[in-house]
Every structure is written in C-alpha cells, then in structure tokens.
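Ligands are counted one by one from 1 in listed order, and the atoms in each one are counted from 1 as well.
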Amino acid sequence: MNIIPAQTKEEMARFAADIFADQISSKPDSVLGLATGETPRELYKELIAKHEAGELDFSNISTFNLDEYVGLNADHDQSYNYYMHDALFDHVNLRDEHCHVPDGTATDLETECRDYDERIKQYGGIDLQLLGIGVNGHIAFNEPDEEFPKGTHAVDLTPSTIEVNSQYFATPEEMPTSALTMGIGSIFNADRIVLIASGPTKTEILHDAFFGPITPKVPASILQIHPDVTLIADEEALAKIRAKGLI
Ligand code: F6R
C-alpha cells in the first residue's frame with residue numbers, strides 16, 4: 001500500500017486528480033470506478049478543469065459507480081445518478097451510454113445487481129477504482145458485517161450511515177434505508193484502487209482500516225491485501241496513523 005499525505009483536502013484532490021489524469025491519458029478507453037459523497041467533489045472539479053484546459057478527453061472513457069439508493073429516481077437530487085451528472089458527467093465529454101450507475105428503481109433488484117457485475121465484466125473490468133470511506137469503515141455501501149460480500153447486492157444501511165447521510169435530505173425520514181452497492185469482490189477486482197479521505201472524522205477509521213486486523217467488521221480493511229492501493233489523505237485524517245509513527 002502506498003500512502004500519499006496531503007496538507008489539505010484541496011491538495012488531496014489534486015494528487016488524486018493527477019492519478020486519474022495519468023490513467024485517462026495513458027489509456028484513453030479506461031474503465032473508471034467512481035464514488036460519490038463529499039470527499040470526491042473537489043477531485044471531480046479538478047478533472048473538469050483539466051478537461052476544459054484541453055488536457056483530458058473522456059470520449060472513450062467508461063465509468064461504473066459504486067452504489068445507488070434503492071427507490072430514488074435518477075432526477076432526485078440526492079440520488080447518486082443525479083450527483084454524478086451534477087459533479088462530473090455533465091461537464092466533460094463522457095458519452096451517456098458509457099456511464100453506469102446501478103438502478104435503485106429496478107423492479108427486480110437481484111437481476112439489476114447481477115447485470116451490473118456482468119456489464120463490468122463485459123467492459124473488461126475496472127482499471128482504476130476511486131473509493132471514499134465511511135466513518136464505520138464501509139467502502140461503497142458494504143457495511144460492517146460477518147463476511148465480505150462478493151458481488152453487487154442490495155444492502156440495508158446501518159444506523160451510522162443513515163445518521164451521516166440523512167443530513168443531505170430535506171427531512172431525515174426521506175433518506176432511503178437500503179441501497180445497491182458493488183460488493184467487496186467487485187471492488188477488489190479493480191487493477192488499481194485509490195482511496196481518498198479528509199478531515200478529523202476519518203482519523204480513527206483510517207488507522208483501523210489500514211493498520212488494524214483485516215475483518216469484515218471494518219470492510220475497508222480488506223484493501224490491505226489488494227496489490228495496488230493508494231491512500232491519499234489530508235493530515236487531519238492521517239493524524240492517528242502519524243501519531244502512532246506508522247508513516
Ligand atoms: C459513495 C460511497 C461511500 C462514501 C463514504 C464516504 O459512493 O461509496 O462509501 O465514499 O460514505 O462519504 P463522504 O465522502 O461523504 O465522507
């Protein structure tokens with residue numbers, strides 16, 4: 001595992017954007033795995049700026065998002081589909097048919113999940129996967145559990161995740177309590193993984209995920225055994241790892 005410390009969350013975003021830009025330039029038909037949430041917003045702004053400066057061409061890039069709430073239409077402003085259009089898709093020359101987000105409104109969620117994994121395979125697998133991390137150690141919506149789930153699946157969100165994410169809904173009751181998420185297996189199949197984290201709320205979990213035992217109770221801990229993981233985090237998020245002299 002490679003750890004890249006950043007002074008600020010803006011610097012974290014720039015470092016991550018450089019990795020994505022290199023990937024896109026060196027393989028213009030790359031398949032990217034994308035995340036939502038607060039942490040990647042700045043990174044997407046950096047990618048848009050590079051595109052506007054004529055440095056990045058997304059016309060042959062394909063994307064697969066990690067997750068989506070069950071029951072939210074693509075035009076709901078808290079759906080991850082909406083987020084991606086707002087944060088990236090509508091501002092670069094990605095082709096619509098190349099952008100994939102699980103459909104949380106599908107009538108048959110099991111089939112939707114199976115098809116999603118199948119589609120990733122048909123595209124040749126993910127070259128570079130972006131991840132954030134939840135305060136409970138989730139990656140995508142793989143919540144702490146008794147085992148590591150493999151493929152894309154429907155999941156009941158934990159009270160911790162509902163508490164953190166419900167702040168973005170007009171009323172907390174509007175927040176869906178379940179989601180579709182790529183599984184740990186689907187994420188693990190990516191050739192390269194970049195996890196970004198910032199701020200003091202992530203310091204405990206970053207330490208536990210990257211230096212604690214590998215356990216499905218901390219889903220991100222599985223990344224310790226992936227052959228190509230880069231953690232990019234600001235000093236606030238790295239505080240515990242640094243205090244323990246681990247970097
Ligand atoms: C979102 C996702 C989640 C977030 C995580 C951190 O697609 O996969 O695992 O990465 O909840 O969210 P933020 O960045 O809002 O702290």
Side-chain angles (χ1 to χ4, degrees), residues 6 9-10 12-13 16 32-45 63-70 72 74 76-89 99-104 113 116 120 126 128-145 148-149 152-169 175-188 190 193-206 208-210 216 218-223 229-234 236-238:
K9 64 174 196 256
E10 290 76 19
M12 173 201 74
L32 305 178
L34 298 180
T36 58
E38 278 315 297
T39 320
R41 280 195 185 273
E42 202 62 33
L43 155 62
Y44 294 142
K45 280 189 196 151
T63 67
F64 283 88
N65 263 80
L66 287 169
D67 40 20
E68 178 60 287
Y69 290 116
V70 167
L72 291 195
H76 189 291
D77 68 1
Q78 289 307 318
S79 78
Y80 287 166
N81 203 318
Y82 184 99
Y83 170 109
M84 286 311 302
H85 279 273
D86 182 51
L88 181 70
F89 295 166
C99 299
H100 307 270
V101 181
D103 180 2
C113 291
Y116 200 68
I120 295 175
I126 290 171
L128 176 59
Q129 175 68 57
L130 177 67
L131 295 177
I133 185 170
V135 290
N136 63 1
H138 73 211
I139 46 176
F141 273 138
N142 293 283
E143 300 282 38
D145 208 341
F148 292 108
T152 299
H153 60 288
V155 65
D156 289 331
L157 301 173
T158 59
S160 150
T161 299
I162 293 172
E163 189 190 329
V164 173
N165 287 15
S166 60
Q167 61 178 307
Y168 303 114
F169 288 80
M175 160 133 185
T177 54
S178 58
L180 300 186
T181 179
M182 271 165 62
I184 295 290
S186 339
I187 294 170
F188 216 76
I193 296 177
V194 169
L195 188 146
I196 55 175
S198 75
T201 60
K202 302 290 169 73
T203 189
E204 281 292 328
I205 198 62
L206 272 194
D208 295 354
F210 287 94
V218 182
S221 64
I222 193 80
L223 298 175
V229 172
T230 300
L231 164 63
I232 309 177
D234 68 6
E236 285 185 326
L238 288 172

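- At the shortest separation from atom 10 (O) of ligand 1 among protein heavy atoms lies Gly132 CA, 3.3 Å.
- Near Gly37, the atoms of ligand 1 lying under 4.0 angstrom from a non-hydrogen atom of the residue are 14 (O), 15 (O).
- Side-chain contact check for Asp67 versus Val155: every heavy-atom pair is 4.5 Å or farther apart.
- For Asp67, every heavy-atom contact with ligand 1 shorter than 4.0 Å involves the side chain, none the backbone.
- Under the 6.0 Å cut-off for aromatic ring centres, Tyr83 and Tyr168 do not qualify, their centroids lying 6.0 Å or more apart.
- When hydrogens are left out, the protein atom nearest atom 1 (C) of ligand 1 is Thr36 OG1, 3.1 Å; that is the closest non-hydrogen contact.
- Side-chain atoms of Glu68 and Asn81 include no donor-acceptor pair closer than 3.5 Å.
- In this structure Tyr82 satisfies the ring pair (Phe, Tyr, Trp, His ring centres under 6.0 Å) test with no other residue, sequence neighbours excluded.
- Residues Ala179 and Leu157 come closest through the heavy atom pair CB-CD2, 4.1 Å.
- Distances below 4.0 Å separate heavy atoms of Ile133 from the following atoms of ligand 1: 5 (C), 6 (C), 10 (O).
- Near Thr39, with a cut-off below 4.0 Å to any heavy atom, the atoms of ligand 1 are 13 (P), 14 (O), 16 (O).
- Given atom 5 (C) of ligand 1, the protein heavy atom at minimum distance is His138 NE2, 3.4 Å.
- Nearest non-hydrogen protein atom to atom 15 (O) of ligand 1 is Glu38 N, 2.8 Å.
- The shortest N/O to N/O separation between Ala140 and ligand 1 falls below 3.5 Å.
- Checked against side chain to side chain contact (heavy atoms under 4.5 Å, CB included), Phe148 has the following partners two or more places apart in sequence or in another chain: Ile184, Ile214, Pro216, Ser221, Ile222.
- With values rounded to the nearest 0.5 angstrom, Tyr44 atom OH is found 5.0 Å from Leu130 atom CG.
- Within the 4.0 Å heavy-atom criterion, the part of Leu66 lying near ligand 1 is the side chain and not the backbone.
- Counting only heavy atoms of the protein, atom 16 (O) of ligand 1 lies nearest to Lys202 NZ, 2.7 Å.
- Every N/O-N/O distance between Tyr168 and ligand 1 stays at or above 3.5 Å.
- Rounding to the nearest 0.5 Å places CG of Asp145 at 10.5 Å from CG of Asp156.
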